[in-house]
Participant: 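Handing you a structure now.
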Protein chains: 2
Amino acid sequence: MNPPTAPSLLLDEQLCFALYAASRRMTATYRPLLEALDLTYPQYLVMLVLWERDGVTVRELGARLQLDSGTLTPLLKRLEQAGLLARQRRQSDEREVEITLTDSGRKLHERAADIPRCLAERICLSVDRFVNLRDELKSLAAQLAAPTDD
Amino acid sequence: MNPPTAPSLLLDEQLCFALYAASRRMTATYRPLLEALDLTYPQYLVMLVLWERDGVTVRELGARLQLDSGTLTPLLKRLEQAGLLARQRRQSDEREVEITLTDSGRKLHERAADIPRCLAERICLSVDRFVNLRDELKSLAAQLAAPTDD
DNA sequence: AAAAATTATATTGTGCACAATTAAATTTGA
DNA sequence: TCAAATTTAATTGTGCACAATATAATTTTT
């Protein structure tokens, strides 16, 4: 694979497509595991946040996952419908909606406990390469999130 | 950031979320550039393939981009509507639909020529890190695409 | 305190992704 | 040869993403 000394329009040379394809492939790898929990991948991400800290607002969830209310509101309603969480307006500020896990939502944590190990086996990267790839991706995302004039 | 010696359910330790977030951020970075061409990011990927080789079938496009007809058919119809390509059944095999660029579609290539350079400036990675990250992502996707029992 | 600005969520509409099904053309094989 | 199996697209339905807008609550300003 040639280095991108002259940035080209060739699909296989592009970082963006490698990223796009790998991300979808990763989601596809999670799919059968999450199906057992009746969760989609974005729903799983929401549950990861709530398992770390319950009682967050939609805004806080959105900040953590970089998703807006147009995505989160219907997703959270589906999780509410599934009995995993409750949504209620905050008394201190009626604009905010607080998300709290139900017993059922908390219990799902146990059933999800094996997923990271399953994935680690499937991904089969050394710790060094795993950490390096993850941190390069975080660095890239941070770079792209920064204002244009930096 | 701790190495994943014991795979956990912590969002910030997960490769999958770093991948998911970086991919969406990358698409968001393309968005304003592609808006000038009246293309979405997946439409741009289709055009990249067609600029490399015109006259491919939906199946070949799908193989290249790892997308199925449920995604491609409506997307291609929109690009046809926009006057960038034509869709016609192959005479040699009526099951296949051949996609050919119109003059307008070919002309768009010139207007897209600057996009890789714009992105390269925005991403601001050394050639080594760019190539390494891209190839690690390709390797990961290939690993995840392989049958489970490998 | 009332008006204006800001903030948080919800709603609407468009365009992917992807599973499942359907339909039509082609190939295989009994 | 012709019935069965396979291949290719299209269709249908669900669930994200995200822009744009609306609505209601809160904060800031005058």
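Per chain, numbering begins at 1; letters A, B, ... match sequence-line order.
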Participant: Starting from the 5' end of DNA chain C, give me the residue, Glu98(A) or Ala28(A), whose nearest nucleotide shows up first.
Facilitator: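 Going by which nucleotide is closer to the 5' end, it is Glu98(A).
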
Participant: Looking at every strand, decide which applies to Arg90(B) at a 4.0 Å heavy-atom threshold: base, sugar-phosphate, or nothing.
Facilitator: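 Since no nucleic acid heavy atom lies under 4.0 Å of Arg90(B), the category is nothing.
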
Participant: Heavy-atom count around Gln88(B) CD within 6.0 Å, excluding the residue itself: above 12?
Facilitator: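 Buried by this count: over 12 neighbours within 6.0 Å.
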
Participant: Please give, in whole Å, the distance from dT14(C) P to Leu39(B) CG?
Facilitator: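 It is 19 Å, rounded to the nearest whole Å.
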
Participant: Expressed in angstrom and rounded to an integer, what is the separation of Glu96(B) atom CD from dA24(C) atom C1'?
Facilitator: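 So the two atoms are 13 Å apart, to the nearest Å.
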
Participant: Assign each of Tyr20(A) and Arg89(A) to its nearest nucleotide of DNA chain C by heavy atoms, then name whichever residue's nucleotide is nearer the 5' end.
Facilitator: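 On the 5' side of the pair lies Arg89(A).
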
Participant: Where along residues 44-79 of chain A does a heavy atom fall under 4.0 Å from DNA chain C?
Facilitator: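 Those residues are Thr57(A), Val58(A), Arg59(A), Ser69(A), Gly70(A), Thr73(A), Lys77(A).
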
Participant: Checking Thr102(A) now: which residues fulfil side chain to side chain contact (heavy atoms under 4.5 Å, CB included) with it, not counting sequence neighbours?
Facilitator: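 Thr102(A) satisfies side chain to side chain contact (heavy atoms under 4.5 Å, CB included) with Ser104(A) only.
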
Participant: Can a salt bridge be assigned to the pair Glu52(A) and Arg64(A) using a cut-off of 4.0 Å between side-chain N and carboxylate O?
Facilitator: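 Salt bridge between Glu52(A) and Arg64(A), a charged N being under 4.0 Å from a carboxylate O: yes.
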
Participant: Figure out the OH/C1' separation between Tyr41(B) and dA17(C), and round it to whole Å.
Facilitator: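 It is 14 Å, rounded to the nearest whole Å.
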
Participant: May I have the distance from Glu80(B) (atom CD) to dA9(D) (atom C1'), rounded to whole angstrom?
Facilitator: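 Atom CD in Glu80(B) sits about 14 Å away from atom C1' in dA9(D).
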
Participant: How many Å lie between CG on Leu34(A) and C1' on dC16(D), as a whole number?
Facilitator: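 Computing the Leu34(A):CG to dC16(D):C1' distance gives 14 Å.
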
Participant: Considering only NZ, NE, NH1 and NH2 on the basic side and carboxylate oxygens on the acidic side, decide whether Asp103(B) and Arg106(B) come within less than 4.0 Å.
Facilitator: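 Salt bridge: yes.
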
Participant: Counting side-chain heavy atoms from C-beta on, which of dA8(C), dC18(C), dA9(D) comes nearest to Val97(B)?
Facilitator: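 So the nucleotide nearest the side chain must be dA9(D).
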
Participant: As a test of reading the structure: which of dT26(C), dA25(D), dC18(C) is closest to the side chain of Asp93(B), going by heavy atoms?
Facilitator: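 Closest nucleotide among those given: dT26(C).
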
Participant: Distance check needed: dA10(C) P versus Gln88(A) CD, whole Å only.
Facilitator: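 Distance check: Gln88(A) CD to dA10(C) P gives 12 Å.
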
Participant: Does NZ or CZ of Arg24(B) lie under 6.0 Å from the centre of the six-membered ring of Tyr20(B), at an angle within 45° of the ring axis?
Facilitator: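 Flagged: Arg24(B) positioned over aromatic ring of Tyr20(B).
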
Participant: Using only heavy-atom distances, decide whether a donor-acceptor pair under 3.5 angstrom links the side-chain of Arg95(A) to the base of dT9(C).
Facilitator: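 No, the side chain and the base share no sub-3.5 Å donor-acceptor pair.
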
Participant: Before accepting this row, confirm whether a basic side-chain N of the pair Glu136(B)/Arg129(A) lies closer than 4.0 Å to the acidic partner's carboxylate O.
Facilitator: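 Result for this pair is yes, salt bridge flagged.
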
Participant: May I have the distance from Met26(B) (atom CE) to dA17(D) (atom C1'), rounded to whole angstrom?
Facilitator: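 The answer, rounded to whole Å, is 17 Å.
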
Participant: Would you say Gln43(B) reaches dC16(C)'s phosphate, i.e. side-chain N/O to OP1/OP2 under 4.0 Å?
Facilitator: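 So the side chain of Gln43(B) is within the cut-off, an N or O lying under 4.0 Å from OP1 or OP2 of dC16(C).
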
Participant: Check this for me, if you would: do Arg59(A) and Glu96(A) make a salt bridge, where the nitrogen-to-carboxylate-oxygen distance has to be below 4.0 angstrom?
Facilitator: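 Salt bridge between Arg59(A) and Glu96(A), a charged N being under 4.0 Å from a carboxylate O: yes.
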
Participant: Can you tell me how far P of dG15(D) sits from CZ of Arg24(B), to the nearest Å?
Facilitator: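 Interatomic distance, CZ of Arg24(B) to P of dG15(D): 19 Å.
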
